[in-house]
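I have placed the structure first, in the form of structure tokens, so that the comments after it can refer back to it.
Below, each value reflects all heavy atoms present in this structure, side chains not excepted, and no hydrogens, waters or symmetry copies.
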Amino acid sequence: MDDSELHVYFAGLGWGTKVVRVSTGSLDEHADFHAALWDAMESVLEDRPTAVVLRCLKGWTGPSALGDQTLLGTQALHKTPLTDPRTDPEHLSLLADWLASYQPSQLFDEEGRGQGPLAEAVMQVRWCSLPPAPSTRQGVSAGPNEDRGVSFTSAVSQVVREHAARGDVLLVSPDELDSNRLGELAGERWVHELLAEEVLLERLAGWTASGRRGLLVSYESFAPLLASGLVGHIKQRRLDGARGLPSLNLLLTSYGWNNVYTHGDPSLATALLGLAAPGVRVLTPADPARTAVALDEALDSVDRVNLVIAGKHSRTAHPMETLAEEQSRGLAVWPHLSDEDEPDLVIVAAGDIPAAVATQATERVRERHGCRVRVVNLHDLTVLGPPHVWPRGLGDREVEDYLGTNAAVLVLTLGHPAAVWGLLAGRLRRPTDVIGWQEPGGPMPQRDLARTMGMDVAGVERAAGRLLACREVVR
């Protein structure tokens with residue numbers, strides 16, 4: 001693009017543009033760039049978003065040629081042009097000249113530490129150097145609130161508005177707040193929509209790096225676009241300078257169980273769980289009230305990447321008596337669906353659709369198979385992992401407390417069964433099965449999709465029968 005095309009492009013995005021050209025790095029060019037940065041920041045403070053475009057020669061400051069091959073200004077300088085300085089004298093000479101051109105003796109002392117203006121600049125540039133906005137809640141969650149749970153829309157909107165009132169919250173979404181039933185938030189000053197998930201993620205990462213809090217809302221099927229960026233972000237959060245920063249939070253909704261063939265892809269949760277990074281939480285609230293609790297806690301947390309998976313269609317309300325335990329421990333036995341004695345079968349539900357199916361199927365399983373059933377609601381998937389990897393992972397004693405001593409276990413999950421199997425990693429030495437998302441062979445209605453994957457009453461009954469039969473053989 002030439003300069004006029006750049007101006008038109010950014011104008012179409014609602015941004016002003018300042019173009020700065022650099023060819024030699026002279027003091028005048030530095031001054032021009034400095035002035036452009038200040039002008040852009042002043043424009044942003046006046047609610048006029050501005051992009052600064054730096055135009056310079058590709059490979060600027062690098063070697064201009066290697067033998068007969070021109071390097072400067074070509075794609076050859078997109079990667080390392082000097083591939084063999086260890087054995088090729090010409091490569092070594094060019095590398096020495098290249099590095100010397102940065103005048104390292106003026107920047108570093110003999111120990112490799114910065115000196116002079118560089119040392120002063122480094123001392124001023126620190127993670128989270130911007131002071132966080134004053135907090136009236138001091139990072140303490142408001143706790144369970146039954147009034148938030150009427151619908152997905154009301155639950156999410158109320159929690160986000162409560163946090164936004166503190167003045168340090170940013171909500172970003174890829175141009176789909178209306179379709180995610182959160183359109184009433186679209187006009188707020190702290191809400192920004194842009195159809196570019198990767199851009200939104202980096203914007204949110206920068207926001208949290210300055211000590212402020214935020215949330216990215218997206219379709220589950222588009223979220224895998226964020227996987228690479230999130231992996232890099234998790235690596236950064238492991239560095240000493242990033243400790244104590246607000247968590248990066250994602251709310252994934254509109255998933256495949258409702259949008260069937262075209263929008264079924266829970267791969268982001270699978271990828272993040274596969275990292276075995278202690279800072280990851282995958283939260284699967286069973287109803288809107290629990291979604292509100294999950295978001296409330298996530299927005300006040302630090303040092304984590306929180307993935308909240310909650311369907312925009314959910315209006316089911318489950319009893320609230322175990323909500324505090326689900327929030328604090330990540331799971332709880334639902335007594336209204338469970339037998340009091342030691343169970344023969346434990347049904348673990350992770351998410352709103354699994355919780356609804358478990359509620360419908362439990363009595364049928366109990367009557368058909370003549371067994372004692374316990375239902376456990378799983379609020380945080382990482383609870384299933386080993387405690388030496390996952391901070392919330394169940395210890396051996398807790399496994400028996402929640403899942404019984406030798407009961408068969410059936411896990412119902414919104415995501416891939418492989419993610420659950422990876423967390424369990426053979427820890428349950430008893431008959432176990434997982435019902436979750438499988439890539440369908442083609443388009444089909446929701447009811448047929450659930451039946452094909454076993455995520456319905458009949459599917460739970462069949463899986464329970466197989467597990468109970470295996471349990472008898474094992475015993």
**Message:** Any heavy-atom pair between the side chains of Thr208 and Leu245 that's under 4.5 Å?
**Reply:** no
**Request:** For the residue pair Tyr402 and Val333, establish whether any side-chain heavy-atom pair is separated by less than 4.5 Å.
**Result:**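 Yes, at least one pair of side-chain atoms sits under 4.5 Å.
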**Request:** Check Leu215, Leu251, Leu250, Asn249 against Val308 for a side chain to side chain contact (heavy atoms under 4.5 Å, CB included) and give me the one that passes.
**Result:** Leu251
**Prompt:** Considering the options Leu201, Leu216, Asn306, which one meets the side chain to side chain contact (heavy atoms under 4.5 Å, CB included) requirement together with Leu248?
**Reply:**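 Among Leu201, Leu216, Asn306, the one that satisfies the side chain to side chain contact (heavy atoms under 4.5 Å, CB included) with Leu248 is Leu201.
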Any donor-acceptor N/O pair, [X] side chain to [Y] backbone, under 3.5 Å:
| X | Y | answer |
| --- | --- | --- |
| Asp433 | Leu410 | no |
| Thr432 | Arg430 | yes |
| Thr253 | Lys312 | yes |

Could you tell me if [Y] and [X] have a donor-acceptor pair between their side chains, going purely by distance under 3.5 Å?
| X | Y | answer |
| --- | --- | --- |
| Thr405 | Glu342 | yes |
| Ser267 | Thr270 | no |
| Thr50 | Trp15 | no |

**Message:** Over 60° means perpendicular and under 30° means parallel, so tell me whether Trp437 and Trp257 are parallel, tilted or perpendicular.
**Reply:**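 Aromatic pair Trp437/Trp257 classed perpendicular.
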**Prompt:** Just one of Gln158, His163, Gln327 clears the side-chain hydrogen bond (donor to acceptor under 3.5 Å, both in side chains) bar with Asp296, so which one?
**Reply:**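 The single option meeting the side-chain hydrogen bond (donor to acceptor under 3.5 Å, both in side chains) with Asp296 is His163.
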**Item:** From His379, Glu326, His318, residue fulfilling side-chain hydrogen bond (donor to acceptor under 3.5 Å, both in side chains) relative to Arg290
**Value:** Glu326
**Request:** Dump the intermediate steps for side-chain hydrogen bond (donor to acceptor under 3.5 Å, both in side chains) on Tyr9 and Thr17, then the final yes or no.
**Result:** CA-CA 9 Å; Tyr9 171 75; Thr17 312; over 6 Å; no
**Item:** Glu340 atom CD: more than 12 heavy-atom contacts under 6.0 Å
**Value:** no
**Request:** Inspect the surroundings of NZ in Lys58 and state if more than 12 heavy atoms from other residues, nucleotides or ligands are less than 6.0 Å away.
**Result:**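 Check passes, neighbour count above 12.
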**Message:** Tell me if the aromatic rings of His313 and Phe152 count as close, with their centers under 6.0 Å from one another.
**Reply:**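 That pair fails the under 6.0 Å test.
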**Asked** Are Asp456 and Arg451 ion-paired here, with the side-chain N under 4.0 Å from a carboxylate O?
**Response**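 Result for this pair is no, no salt bridge flagged.
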**Request:** Decide, yes or no, whether a salt bridge links Asp380 with Arg281 under the criterion of side-chain N to carboxylate O below 4.0 Å.
**Result:**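 Salt bridge present between Asp380 and Arg281.
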